[in-house]
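As the structure lists them, so they are numbered: ligands from 1, and atoms in each ligand from 1. Side chains included, hydrogens not; waters and symmetry mates left out as well; all remaining heavy atoms used.
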Amino acid sequence: MPVTSDLLAASPALRFDVQAQNGEARAGALTTRRGVIETPVFMPVGTAGTVKAIRFEELESEDLDAKIILGNTYHLWLRPGIETIKACGGLHRFIGWDRALLTDSGGFQVWSLGDLRKITEEGTEFRSHVDGSMQFLSPEVSMEVQAALGSDIVMVFDECAPGNAAYEETEKSVGLTSRWARRSRMAFDRMQVDGADIGHIEGPGLNGRQALFGIIQGAGHLDLRRVSLEQTVEVGFDGYAIGGLSVGEEKSVMFDVISDLAPRMPADKPRYLMGVGTPEDLIEAVANGVDMFDCVLPTRNGRTGQAFTSRGKVNIKNARWVRDQRPLDEDCRCVVCRRHTRAYLRHLYLAGEMLASILLTHHNLAFFLDTMRSVRQSIRSGDFPKFRREFTQRLDANGE
Ligand SMILES: [Zn+2]
């Protein structure tokens, strides 16, 4: 029996309109209580209330123009703690960001603690990486924390099976994820009614409440993925995510899951691929009908001296750039590429200057966001297959 409460059915927490389609690829608009987001969209990851090495002004600048970023329930809950964020008026006010925020549920983070956590029917017990204390996260706690953060899109608390998990183990994990999805939905609805959502804001045609996304699990087993999809849709959510990919499985397994699953997901709701991936992964997933992405790659790799460019990856440490007067990417119009050479960026990196991380992160985010802009345009003009072919060919140039 669906557990979606009628209070959310009257007027929705968000709207999603598919405006153009090229094969399975779709371009659309996701209207949240904090603005309209054109899809397909890439969401920069702001784990601890900051997208690492980049200022919010830059995220809002024309270069990047990120319409939505991620926050991380697990990290913010442990530090600075939910009472602190509540006292500071919720996550938007605390970090100084008025645009949309999506928070993950913490499920993936506690799962990735490995031996440091214990999963039961009730939830997950684990040791905090901050102070070593024992902590307990469950669907109810996760919904409570995300309501206090006041994010615009909330994720259900799920259980992730490893990418290469055996059938029986995965089957159990899918069952647990489904029961947790139901508990998440019920706790979420209760908290919306109780006014626990710190970020509540009225918007035209929207009910001002948080939106809740379900997560489909099932590792590399396509039949279990379909079971998980069916059970998740039965509960009823504002959007649906594919979880548990890019967790150690082969790339071919990942794409088998995406190509089988994404087109079966509800067509009138946003489809979100969690934690994936490289620019070429994003394009392939878009071709299968995915609308939303997040990944730490552009920011994390930026801090380790790796740039994503239209001609493939550039490792800025490489001696061949020592006097190279070219920008990171000759086709990129970001402020870093307009102003600085590879030679200078290499020098900054080798000298251990923090500006190296800042500039590489900026360019990488610009490249990811710009790629999605081109993807949207090409879908709207009916040229996505051509764009996909040319984009992929250019990447093979290996930075040259
Ligand atoms: Zn650039």
Side-chain angles (χ1 to χ4, degrees), residues 37-38 40-46 50-70 99 276-284 286 293-378 387-388 390-400:
I37 301 159
E38 286 185 59
V41 62
F42 178 79
M43 305 181 282
V45 179
T50 153
V51 179
K52 289 188 199 300
I54 194 133
R55 291 164 56 210
F56 290 96
E57 289 86 349
E58 296 296 337
L59 289 170
E60 289 166 357
S61 71
E62 217 171 290
D63 249 15
L64 270 52
D65 200 19
K67 301 288 192 200
I68 177 169
I69 61 172
L70 252 69
R99 296 185 178 187
V276 179
T278 63
E280 48 273 51
D281 294 342
L282 266 51
I283 304 282
E284 286 309 300
V286 166
F293 302 90
D294 79 282
C295 191
V296 295
L297 275 182
T299 42
R300 180 182 291 163
N301 289 19
R303 299 196 302 282
T304 57
Q306 198 169 59
F308 291 91
T309 80
S310 58
R311 287 170 179 75
K313 283 182 197 153
V314 167
N315 181 348
I316 206 64
K317 288 162 270 190
N318 202 311
R320 67 216 256 229
W321 315 130
V322 67
R323 291 176 188 178
D324 198 307
Q325 295 301 297
R326 292 175 299 165
L328 278 174
D329 187 342
E330 281 165 313
D331 290 333
C332 179
R333 295 296 302 151
C334 87
V335 288
V336 179
C337 291
R338 289 207 303 268
R339 185 184 283 253
H340 301 299
T341 62
R342 294 184 184 191
Y344 177 61
L345 293 169
R346 177 174 186 273
H347 156 70
L348 288 179
Y349 188 86
L350 293 183
E353 289 291 339
M354 67 169 85
L355 190 58
S357 295
I358 294 169
L359 296 180
L360 286 170
T361 299
H362 184 106
H363 161 79
N364 281 349
L365 283 175
F367 180 67
F368 271 64
L369 290 159
D370 215 44
T371 297
M372 296 316 271
R373 222 165 278 137
S374 305
V375 163
R376 293 193 293 268
Q377 275 165 13
S378 72
F387 171 84
R388 178 188 181 188
E390 290 174 358
F391 182 88
T392 314
Q393 274 166 7
R394 244 192 341 264
L395 283 177
D396 291 338
N398 197 23
E400 290 291 357

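Contact of the Asp65 side chain with the Arg99 side chain is registered, since non-hydrogen atoms from C-beta on lie closer than 4.5 Å.
The aromatic ring centroids of Phe308 and Phe367 lie 6.0 Å or more from each other.
Here the Zn ion (ligand 1) is the vertex; the SG atom in Cys334 and the SG atom in Cys332 give an angle of 110° (to 10°).
Nearest N/O/S atom of His363 relative to the Zn ion (ligand 1): this is ND1.
Because the distance cut-off is set at 2.8 Å, His362 fails to qualify as a neighbour of the Zn ion (ligand 1), as none of its N, O or S atoms comes that close.
The backbone N or O of Ile358 lies less than 3.5 Å from no partner atom in the side chain of Thr361, so there is not a single donor-acceptor pair.
Atom-to-atom distance recorded for Asp63:CG and His363:NE2 is 11.0 Å, nearest 0.5 angstrom.
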